[in-house]
Amino acid sequence: VIRFKSIISRIVILHVVAVVITSIFMSLALSWLLNYATNNIHNEAMQEQAVSVGEHLTARSDGVLELDLPREVRPLVTAINLALDRLEQGFRIQRDFIADPAHELRTPLTILRTRLDILEAEPIGQALRKDVDGMAHIISQLLEIAELDAFVIDPLEKADLRSVTAEVAEFVAPLALAQAKDVALLGTTDPVWVRGNPEMLSRAIRNLAENAINHTAPATTVEFIVEPDGTVSVLDHGPGIAEDERHLIFQRFWRRDRSKPGSTGLGLSIVARIAELHSAEITVQNRRPAGAKFSLKFVPLKSSS
Amino acid sequence: MRLLVVEDNAELAELLVKGLQTAGYEADILSTVEQAASVLHTTFYAALILDLGLPDGDGLGLLREFRHQNNPIPVLVLTARGGLHDRVLGLRSGADDYLVKPFALEELVARLEAQLRRPGHLLGSSLRIANLEFDTRNRQASIDDQPQVLSARETAVFELLMRSKGRVVSKKQVEDHIFGHSGEVASNASEVYVRRLRKQLSERGAKVQVHTIRGVGYLIAEEK
């Protein structure tokens, strides 16, 4: 009897151990899955993978998984599947939301702007127009960030860094001249092919350029330098970046001077995100006697490709 | 002179028409690519203001189709897509100019007029900055209403700069404009003609400045 009892208790213990080990293993695996899925929400490529893992589980849960599993575990798998479904739905909603918010936001702003343009109520009209322009700027930058969060880079895409930089320099030159500042494009005049999306590269460089123009001292020149190794640098003659602020400047909404109008604290975070997506290296240096130099080094393509 | 506004947001379309009226232009409104395509076949408009995000398609397709049929109507594109590279793509599809929403009405009218003052699309044909004037019909430059004699190449550079008021003209554009696509051009050719033009203008009392944007191009602006 004692022997029988101990055999029974051993079997029970074995069972318990087996169940415990299985459920620990399951919960680890599932929590890893969930973590994997949720922690990488900002990374579209990972999102896709996580969603496809979710789809696998869902697909299998209809047939094999739920049937093969012990009854006790089925509710857990079903719950996880539902969670993954909701996650997937969340991604879809986010993608759809980002698909065309530009139109939804910019059109009413244009209506407001045009109404103010027709309105003959100076000087209030002028002040209101300035407010609308400021808001339009913030909305543009928020849209850029939203787009970036959902952006999937095509690994085959390439861009000519030199011509993208020239486009940006052309675009910002009138803004600089209006503030009695100047821009110059230096470095190589040959095409510099790098991996990346031309529109995204253009946004990164434009944000560096606008930042430099805003900070450079009056009557100085903001310089763009393109190098054959895939580096573009933007140099200004402003106050430079203090050592203890370097890790802050790329954070969203960080501003040195909160009272300064027109600055959203988003520009450099856009640059950082684009660099990250393109595996580009950002460096920030101070110049002597004064000024900052921001460089982005993209992945160059061999001239033959 | 009638303009055509193709914009699917009725409220914005009405406001634009109202704004254009205060600047002296009459305009009709359409809201789809399909309507625009058929109306433009049968009706002459001096210029087209085209929104890109239309309910039945992308305005760029319509634009490419026109250009394919050699329809020379000046087209000013309005878009909610703010990208710089999008802008370049738009211009390559045949738009004459490109405005990102939201824009100032004043800017819309200025860009429109720059297009309407091309020979053949005559709205009065003169381009003005400060005390400078350029008549695109007889290609005559004047300062304080006094006609000026400039060489053919100086005139060519001057015209290009005046048409691109407020924007940078690239060195390549200047070279293409002076020399066409024929033959080799010395690397400093554009600089030489711009420098001569600048000297002529300042000696004759023009209150403008021709800026050189190093490595990029040139821009004409009122003297500060």
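Just so it is clear, the values below take in all heavy atoms, side chains as well, and ignore hydrogens, waters and symmetry mates. Residue numbering restarts at 1 for every chain, and letters A, B, ... go by the order of the sequence lines.
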Restricting to ring pair (Phe, Tyr, Trp, His ring centres under 6.0 Å), what partner residues turn up for B/F158, sequence neighbours left out?
B/F134

Determine whether a donor-acceptor pair (N or O, by modelled atom type, separation under 3.5 Å) exists between the side chain of A/R106 and the backbone of B/A80.
yes

Does a sphere of radius 6.0 Å around CD in A/E157 hold more than 12 heavy atoms from other residues, nucleotides or ligands, not counting ones at 6.0 Å or beyond?
yes

Chain B contact via A/I111 - side chain, backbone, both or neither, heavy atoms under 4.5 Å:
both

Would you call A/L112 and B/P102 a side-chain contact if the rule is heavy atoms closer than 4.5 Å?
no

Kindly check if the number of other-residue, nucleotide or ligand heavy atoms within 6.0 Å of CZ (A/R195) is above 12?
no

How many angstroms lie between atom NZ of B/K101 and atom CG of A/L105, to the nearest 0.5 angstrom?
12.0 Å

Taking all heavy atoms of B/G19 and all of A/I118, pick out the closest pair and write down the distance.
N-CD1, 3.8 Å

Exam field: side chain A/D117 to backbone B/L105, donor-acceptor pair closer than 3.5 Å
yes

Less than 4.5 Å to any heavy atom of chain A: does that hold for the side chain of B/L219, its backbone, both, or neither?
side chain

Give, for atom CZ of A/R113 and atom CG of B/L15, the distance between the pair rounded to the nearest 0.5 Å.
13.0 Å

Can you check side-chain contact (heavy atoms from CB on, under 4.5 Å) on A/R129 and B/E106, steps first, answer last?
CA-CA 12 Å; A/R129 281 194 286 274; B/E106 198 186 357; over 6 Å; no

Do other residues, nucleotides or ligands put more than 12 heavy atoms under 6.0 Å from the CD atom of B/Q21?
yes

Nearest heavy-atom approach of A/E170 to B/V168 is O-CG2, 3.4 Å

Of A/V183, A/T114, A/L109, A/L177, the largest count of non-hydrogen pairs under 4.5 angstrom with chain B goes to A/L177

Heavy-atom distance under 4.5 Å between the side chains of A/R115 and B/E11, does that happen here?
yes

For B/Q35, is the CD atom crowded, meaning more than 12 foreign heavy atoms sit under 6.0 Å from it?
yes

B/R214, CZ: over 12 other non-hydrogen atoms inside 6.0 angstrom:
no

Quick one: OG1 on A/T107 to CG on B/D8, what's the gap to the nearest 0.5 Å?
7.5 Å

